[in-house]
Amino acid sequence: MLIVLAGATATGKTSLSIEIADQLRSTGRPAEIINADAMQLYRGMDIGTAKIPVSERRGIPHHLFEHLSVREDSTVAGYQAVVRPLIDTLLAEGITPILVGGSGLYIASVMFELEFPGTDPEIRAKLERELEEWGSGMLHRRLQEYDPASAERIDPRNGRRIVRALEAIAVTGKPFSATLPGQERWWRPTTMAILEEDRQVLVERLDRRVIEMWDAGLLEETKRLLDEGLEEGTTARRAIGYAQAIAQLRGEMTRDEAIAEAQLLTRKYARRQVSWFRRYERALRLPAGGVRNVEIVLDAAATEETSN
């Protein structure tokens, strides 16, 4: 049985995953946690991604939290290719995998059959030149015209994903959103729970979390990552918080301006996450911090396991 914990950032997915794994372990059933947050894949990106410290993991194995260097690009296809074999290995060994995170497409690539359209180097190069010349906003408006569903899901500032969507449209002749998976059946027997929070409560929590990241040393962490090649990749350097920390280090923003922009972008990201996870009709909907969440998830998993 695969357990999936999803939802917007700062809804308590990490703490719930630890409690569930601990409860399973206490009954003689080992469990291990697999990261499904695209930015927590990176080594050294700890403060800005709210990565759980090793000291707080209660000895529970955690996978794919230090998977990539900041110079490497993270892709959904690459993630799927690593995580699915890992899950099958854990299941074969009698270990319950708990997939936890808020990167919707990464989670979908594991749970469902997800088609990855082919690529065309010439089309990709042309789009990347246009991105360099005109910026992501112009290409995002084009994507809105061709494929409104994809445009709504992709951040207008994420030039890399916009280029990929436009490339897929050009190669396949159909909307990029058409390649997204359906929900007809799970890839493996699965219990999925989505944590939800009152919008105003979540906004206040997100704004506070950003300030806490700066107070905890995000600038110093960013300096170290710059020395390790943060700006050489195309994925990690755009992570919310780090991009603003870089701007502050360069004198392009004040501390207050950097924090305010990171807060705004984090709120927008959380809204997109909430919108994405609304599609999963078969998922449990749980209140963030609910006192019975562990019990509800484990009961649902036991029921699902029995039915299979």
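Under a cut-off of 6.0 angstrom, the local environment of CZ in R29 is sparse, with at most 12 non-hydrogen atoms contributed by other residues, nucleotides or ligands.
One finds the CG atom of L218 at 10.5 Å from the CG atom of D46 (value rounded to the nearest 0.5 Å).
The closest donor-acceptor contact from the side chain of E304 to the backbone of T191 lies at 3.5 Å or more, if one exists at all.
Between the side chains of D37 and S103, not a single donor N or O lies within less than 3.5 Å of an accepting N or O. In the model, E221 has a side-chain atom that pairs as donor or acceptor with a side-chain atom of Y242 under 3.5 Å. Using a 3.5 Å distance cut-off with no hydrogens or angles, the side chains of S74 and Y106 do pair a donor with an acceptor. Side-chain atoms of E204 and Q200 include a donor-acceptor pair closer than 3.5 Å. With hydrogens and angles left out, the side-chain atoms of H62 and E32 include no donor and acceptor closer than 3.5 Å. Side-chain contact of R209 with T9: a donor-acceptor pair under 3.5 Å is present, judged by distance alone.
F112 and W186 have their aromatic ring centers within a separation under 6.0 angstrom.
The minimum heavy-atom distance linking A262 with V210 is given by the pair CB-CG1, 3.9 Å.
Ionic pairing of R237 and E231 is not present here: no N-O contact between side-chain nitrogen and carboxylate oxygen is shorter than 4.0 angstrom. A salt bridge is defined here as a Lys NZ or Arg NE, NH1 or NH2 lying under 4.0 Å from an Asp or Glu carboxylate O, and R205 with D198 fails to meet this definition. The pair E295-R292 meets the salt-bridge criterion, with a side-chain N (NZ, NE, NH1 or NH2) lying under 4.0 Å from an Asp/Glu carboxylate O. Using a 4.0 Å cut-off between charged nitrogen and carboxylate oxygen, D22 and R25 count as a salt-bridge pair.
Checking each of E252, R255, E261, E257 against Q244 for a side chain to side chain donor-acceptor pair (under 3.5 Å) leaves exactly one that passes, namely E261. Exactly one of K51, R43, Q40 qualifies for a side chain to side chain donor-acceptor pair (under 3.5 Å) with E66. That residue is K51.
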